[in-house]
Engineer: 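What follows is a structure written as structure tokens; I'll ask about it next.
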Amino acid sequence: MKSRLLCAGFMLAAMACHEKSDDKTPGTEPPALSLAGSYKDLFTLGVALKSEALTGPDVPLITSNFNRITAEYEMKWAPLMKGKAYDFTAADTLADFAEDHGMFLTGHTLIWHIDTPDWVFTDEAGLEVDRETLRARMKTHIETTMKHFKGRVDNWDVVNEVLADEDGLTWRASRFYKIYGNEDYIIDAFRFAHEADPEVELWYNDYVLENPKKLEKLLVLIKRLKAEGIPLTGVGFQGHYSLGWPGTDLIENAFNAVIAEGLKVKVSELDVTVYSDYPNGVFTPEVAKPCDANILNLQAQRYGELFQLFRRYKGQLAHVTMWGLKDNGSWLNDMVKGRADCPLLFDAKGQPKPAYFKALP
Ligand code: G3I
């Protein structure tokens with residue numbers, strides 16, 4: 001650990017350093033520390049980015065540690081539109097960067113109850129459209145978007161977060177669900193996606209699937225998709241974890257249930273908040289606290305146990321993606337006004353945190 005910490009101090013400047021301070025062979029420069037490089041035989045290592053990050057000082061940090069990119073926002077339905085016309089400019093900046101740097105690109109996300117333009121659900125008079133109209137609009141969106149990125153996106157989060165959080169409900173009561181009258185829109189979305197690009201990986205993506213009650217709902221969805229002959233590749237576990245939840249036993253239980261259905265798993269949006277805002281399942285925001293050495297060490301232990309688990313799923317865990325590069329860019333800083341979080345592997349200066357070294361094999 002010490003030699004790795006020494007290395008980190010010069011990491012950005014040298015971009016190459018001695019992994020072990022006692023390296024005796026003169027002139028052999030071991031490769032710079034790299035997350036993706038360390039996991040190249042296990043799973044791809046991604047990072048969620050906005051296009052603005054691609055022209056800043058963080059480019060070497062991105063390209064040396066990751067081999068996959070997810071658009072944190074710019075490939076969602078609403079940001080792809082200027083009015084009712086498609087404008088792929090921002091999304092193409094991300095796709096071009098990935099292509100130029102030999103990185104994979106995850107498509108996130110085609111159908112989600114958030115960031116769908118309002119006009120999708122209403123007619124010219126502002127009245128709610130019928131099921132057939134919504135179905136046609138979904139088909140156009142999925143076909144247009146997937147055609148645009150064909151050959152550049154290797155896996156799509158086709159549908160995101162359609163399972164209900166409330167006990168006793170399987171399906172989220174989204175506008176898609178209400179207009180369709182049932183969950184058939186999910187089947188249509190996957191069918192349109194497969195028809196648009198039979199080669200690309202098709203994923204279902206959601207959060208808190210490690211909760212046994214929500215896992216049961218996921219299995220209902222999987223069985224429905226299989227019954228309809230949908231060639232689902234796997235399930236994305238978003239991985240917005242805290243220091244204490246979910247335990248690795250719950251993660252393993254959920255992974256194994258999905259794998260038992262003949263599917264792959266991926267961790268699609270990994271971060272580890274230092275706050276405990278759901279002490280009894282109800283959002284009760286914790287007061288702000290400094291990310292001091294003690295907290296950073298607890299977080300490092302947590303990342304260490306998570307990546308130790310991930311390593312045991314070789315061949316079944318396809319991708320791991322960090323939901324952000326540096327702490328100051330995390331969506332979690334907007335969770336509670338005025339409260340900064342530090343959930344990622346690099347600090348605001350782009351320096352690797354103790355968690356980074358514990359995430360390495
Ligand atoms: O870029 C525009 C800017 O031009 C505009 O002035 C500003 C005014 O609101 O909005 C900016 O867009 C924001 C965008 O992030 C880029 O920063 C949106 O408002 C904001 O809603 C959007 O938040 C994203 C959120 O999804 C909604 O799309 C977060 O960054 C992103 O981390 C979060 O990610 C989601 C996953 O997609 C799905 N799983 C949960 C996860 C966390 O919510």
Side-chain angles (χ1 to χ4, degrees), residues 46-56 58 62 66 68-83 87-94 97 105-118 120 141 145 149 153 155-165 172 174-176 186 189 203-211 214 218 221 234-242 245-246 254 265-273 275 277-278 283 285 319-337 339-346:
V47 59
L49 297 169
K50 298 181 180 94
S51 56
E52 65 209 30
L54 305 180
T55 51
D58 295 333
I62 295 165
F66 301 97
R68 174 176 295 283
I69 290 175
T70 297
E72 185 171 7
Y73 176 64
E74 289 152 310
M75 286 174 69
K76 294 165 181 173
W77 197 336
L80 286 178
M81 311 305 298
K82 288 280 179 289
D87 178 352
F88 291 103
T89 309
D92 280 342
T93 305
L94 288 151
F97 182 93
L105 180 65
T106 292
H108 177 81
T109 176
L110 293 168
I111 298 298
W112 188 28
H113 63 285
I114 297 174
D115 288 327
T116 299
D118 284 337
V120 169
H141 175 59
T145 306
F149 292 107
V153 166
N155 81 103
W156 275 101
D157 294 337
V158 177
V159 171
N160 191 45
E161 302 176 11
V162 297
L163 299 174
D165 291 317
R172 181 185 298 274
S174 68
R175 294 174 84 176
F176 290 102
I186 303 167
W203 292 84
Y204 173 68
N205 193 54
D206 209 332
Y207 58 87
V208 187
L209 297 171
E210 301 82 0
N211 175 322
K214 197 162 184 182
L218 172 65
L221 170 59
V235 172
F237 289 76
Q238 289 185 4
H240 296 300
Y241 295 155
S242 67
W245 197 93
V265 295
K266 69 174 179 176
V267 178
S268 53
E269 308 182 12
L270 183 59
D271 44 33
V272 175
T273 176
Y275 291 100
D277 290 337
Y278 296 85
F283 185 57
H319 316 301
V320 174
T321 290
M322 297 302 302
W323 204 244
L325 180 67
K326 302 185 297 184
D327 283 340
N328 57 322
S330 171
W331 70 287
L332 287 169
N333 291 313
D334 302 326
M335 186 59 84
V336 173
K337 194 168 171 46
R339 187 184 81 175
D341 205 331
C342 51
L344 298 167
L345 299 178
F346 294 94

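Start at 1 and go down the list; that is how both ligands and their atoms are numbered.
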Engineer: What does the N/O contact table under 3.5 Å look like for ligand 1?
Structural biologist:
| unit_1 | atom_1 | unit_2 | atom_2 | d |
| --- | --- | --- | --- | --- |
| ligand 1 | 26 (O) | Lys76 | NZ | 2.9 |
| ligand 1 | 28 (O) | Lys76 | NZ | 2.8 |
| ligand 1 | 28 (O) | Asp115 | OD2 | 2.4 |
| ligand 1 | 30 (O) | Glu72 | OE2 | 3.4 |
| ligand 1 | 32 (O) | Glu72 | OE2 | 2.5 |
| ligand 1 | 32 (O) | Trp323 | NE1 | 2.9 |
| ligand 1 | 34 (O) | Trp323 | NE1 | 3.2 |
| ligand 1 | 37 (O) | Lys76 | NZ | 2.7 |
| ligand 1 | 37 (O) | His108 | NE2 | 2.7 |
| ligand 1 | 39 (N) | Glu161 | OE2 | 2.9 |
| ligand 1 | 39 (N) | Gln238 | OE1 | 3.2 |
| ligand 1 | 39 (N) | Gln238 | NE2 | 3.3 |
| ligand 1 | 39 (N) | Glu269 | OE1 | 2.7 |
| ligand 1 | 39 (N) | Glu269 | OE2 | 3.2 |

Engineer: Strictly distance-based, threshold 3.5 Å: is any side-chain N or O of Asp341 a donor or acceptor partner for the main-chain N or O of Asn333?
Structural biologist: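 A pair under 3.5 Å: no.
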
Engineer: Identify the two heavy atoms, one from Pro79 and one from Lys76, that lie closest to each other, and give their separation to 0.1 Å.
Structural biologist: CD-O, 3.3 Å

Engineer: Does the ring of Trp203 carry Lys266 above it, NZ/CZ under 6.0 angstrom from centre and within 45° of its axis?
Structural biologist: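 So Lys266 does make the cation-pi contact.
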
Engineer: Find the distance between CG (Leu54) and CD1 (Ile62) and round it off to the nearest 0.5 Å.
Structural biologist: 6.0 Å

Engineer: Can you name the ring-ring contact (aromatic ring centres under 6.0 Å, His included) partners of Phe97, sequence neighbours left out?
Structural biologist: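 So Phe97 forms a ring-ring contact (aromatic ring centres under 6.0 Å, His included) with His101.
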
Engineer: List the steps and the verdict of salt bridge (charged side-chain N to carboxylate O under 4.0 Å, His left out) for Arg339 and Asp277.
Structural biologist: CA-CA 12 Å; Arg339 187 184 81 175; Asp277 290 337; 2.6 Å; yes

